[in-house]
Structure formats: C-alpha cells, structure tokens
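The figures that follow rest on heavy atoms only: side chains count, while hydrogens, waters and symmetry mates do not. A, B, ... follow the sequence lines: proteins, then strands. Residue 1 opens every chain.
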Number of protein chains: 2
Amino acid sequence: MAPQRRSIQDQHSDDVATYVAAGGEETVQRVITAVYGVTKKLDQWYNRQFADLELSQGEWAVLAALAKAGDTCLTPSQLADLSSVAPSSMTHRLDKMTGRGIVQRRPDQSNRTRTLVSLTKEGWMLFSAAVREANVVESDTLRGLTDFERHELGRLLEIVIAGLDEVDA
Amino acid sequence: MAPQRRSIQDQHSDDVATYVAAGGEETVQRVITAVYGVTKKLDQWYNRQFADLELSQGEWAVLAALAKAGDTCLTPSQLADLSSVAPSSMTHRLDKMTGRGIVQRRPDQSNRTRTLVSLTKEGWMLFSAAVREANVVESDTLRGLTDFERHELGRLLEIVIAGLDEVDA
DNA sequence: ATCTCGAAGTTCGACTTCGAAATATTAACA
DNA sequence: TGTTAATATTTCGAAGTCGAACTTCGAGAT
C-alpha cells in the first residue's frame, strides 16, 4: 500500500540532484549534503539518548564546553559564544544547571563585572556518562568503515577543519 | 595581553582528547568531532547568509524538504518530521510562509483530514537563490581538498549514510 | 448503518530563546 | 580627580517551540 520506503542513500542521491539542479556544484553538494545527513541522524539519536540523563542539547553544549576547558573557568559570555546562543539565554540556562548542581558560578575577584563558571563533581560525572552513552551510537554510525577508512575519513575532515580559520577572515 | 588565539585544529585535537579521557574511543571521536566542527561553522555561515533572504533555519528546512519532494506535495506532519520539529510548530511556520507567498496550502480532496503543501513559483526562486548563496561558503569550506580528495571524502561519507538505515532498526 | 479507534491538523499554556534596554564595574583620558 | 567610553551580566517583552488536549475525518468491525 505505502510506496516502498526509499533507502537513505537513494534519498541522498536525489537530494544532491535537487541542489545541483538549483545551481550548486556537484562535487561540493555531494560532500556537504552527506555531512548534514550524518549529523541530522546523530542529533536525533542524541536527543533520545540524552533524555535518560535529563539533558537537553543546549545543556550538553555547556557541559561539553566546560569539560573541554578543563581547569580553566569560563564566563557566561564565552559559554554563550561556544554554544552559539545569545548571552541573555545563557543566564537562565546557567540558573537551571546551577540549581541542579552540575555547574557552579562564582564572582571573578580580579574583575567584579565577570562571573566564572565551572563544573561541579556531579557535572563531571554527568559529562562522562553522556560521552560514554553517545559513543555507543557514534560507534554504530561508523560501523560500515574499516579502520583504515576511518583513519582516512578523519584525515580528510581534519584538512577541512584546518581551513575553516582562514575562510572566516 | 589576550592569550594567543588557538587555531581550530589545535582546539579540535584537545576536544578529541577530552572525549577520549571521558571514555570515548579515539578513532570514533576523531571522526565525529570533526563532522560536528564542520557543521557548526557551516551553521553559523548559513545564518548570516540567509539573513539577507529573510530566511531562518527552520524555514530553510521546509523549503528544502518541499524542493526535494519535487512535484509531490507534502503534508504538515511530513514536513514536521523532515524538519525535526513538532507538528504544532509547523502550523505557525506554514502560516508565516504562506503569508509571505512562498508556499501554499490546499485541502486533500481524497482525504479531508489532510492538507497538502507545495512551493509557489516565488518559493522555488527563493530556494534556488539560497542554494547558490550557500554554495559559495560550502565551496570555500572544501577549498583545502583536491578533486580526488573530495571524491574520496564523499565516497566515505556515503558509506556511512548507507549504514544509517540499519542502525535505526 | 452505527460505533469505535486511529490519524491529521489545530489550539492552548508553559518554557526557551532572542534582541534591546538597564545595571554595574572597569579603563582611559584630560 | 572626574567624566566618558567600554565590557559583562541580567532583566524584560516579543516570538518560536513543545507537549497535551481538542476537533474532524476515515477505516474496519459488529
């Protein structure tokens, strides 16, 4: 009754064709469309997985940014920038996360307009749990690739990453 | 005064190290983190570029979904699903886009609970303009890769895409 | 033919986000 | 020292989003 469900790769080919027909370059569109196809699926899985931990995408962004900073504290403005969100939005988000006890705020002694945010021990534990949960689906995502291919994929993407700096300027 | 601004690839290495320290696999994290680094930058550029066209990310998702469907009309539910948004949100979004004249709604004659949505001529023109604008930054993004490398990157990503179907089940 | 169940769309209240204005502190300069 | 400009954060109103309840319609069973 329902038309045969199209496979994701067929859908992908048609998507590329649509973009090319609208004026995009084929070699570019093939890569970019594929990148977005992967992240879209991953985002859906993250949302499902993180629901267990009562963690939204936005809260995850804050958690990850603070974890990556290590011992260095970050200000709300920096967190807003790293999370691609307005500074005013970060205020309430931090209120909530502070209330939950996974981050803590303290005034900067050397500049009292500034607030320093850092992870609590509970925050670190939550981060670690989230990474290990996420690693499951991420690992599944790459399961069609050999070790060599994973290495090659990583290498190529890192070339792209390295070029992003200059494009901005 | 400000500490030397760290390059994106250095940042990337440290990010991977953080995830590995928290319990992720190195080969997996290298690839996934790189994919997200690319899309994050692209998202920022899209937002800037599309501001010219008065187009939000959400509206772009609807536009692209309808364009990919070609002549086939889509229902609000399908659009909500394709755009990863709640059906109730799609109602208002379509109201706005209809008011602007880029999409049109009409009742399905064969099933009157259903509404069919399609692009207007203005919608198609807007889609085409957006694709060509986006292609500029996308092309810049890949500028560090040779033609062969682009082909290889596309090939590897398409293997991943092909595997996504089965992971879901 | 009628009844019930499920599906599609919309409406409603609560929460999140944004941009602009307000507040507080620091830095610069005459 | 006093005034002004700049920076960091928060508050506030408008807009977008979500989940739940509601309405309408269609399909299948009795």
Inset, instruction - Answer with yes or no whether the side chains of Ser128(A) and Arg132(A) bring together a donor and an acceptor at under 3.5 Å. - result: yes
Inset, instruction - Select from Ser84(A) and Ser110(A) the residue whose nearest nucleotide in DNA chain C is closer to the 5' end of that strand. - result: Ser84(A)
Inset, instruction - Please state how far atom CZ in Arg112(B) lies from atom C1' in dG26(D), giving the value in whole angstrom units. - result: 10 Å
Inset, instruction - Can you tell me the distance, in whole Å, between the CG atom of Asp108(A) and the C1' atom of dT7(D)? - result: 13 Å
Legend entry - Gln29(A) and Glu25(A), any side-chain heavy atoms less than 4.5 Å apart: no
Inset, instruction - Rounded to the nearest angstrom, tell me the gap between atom CD in Gln109(A) and atom C1' in dT26(C). - result: 15 Å
Inset, instruction - Taking the side chain as every heavy atom from C-beta outward, state whether Leu79(B) and Val85(B) have any atom pair closer than 4.5 Å. - result: no
Inset, instruction - Identify which one of Glu138(B), Gln57(B), Lys41(B), Glu133(B) satisfies the side chain to side chain donor-acceptor pair (under 3.5 Å) criterion when paired with Tyr46(B). - result: Glu138(B)
Legend entry - Separation of dA8(D) C1' from Leu74(A) CG (nearest whole Å): 15 Å
Inset, instruction - Heavy atoms under 4.0 Å is the rule here; annotate nucleotides 2-15 of chain C 5' to 3' with B where the base is hit, S where only the sugar-phosphate is, and - elsewhere. - result: ------SSBB----
Inset, instruction - Answer with yes or no whether the side chains of Tyr36(B) and Asp43(A) bring together a donor and an acceptor at under 3.5 Å. - result: yes
Legend entry - Heavy-atom closest pair, residues Val131(B) and Gly24(A): CG1-N, 3.9 Å
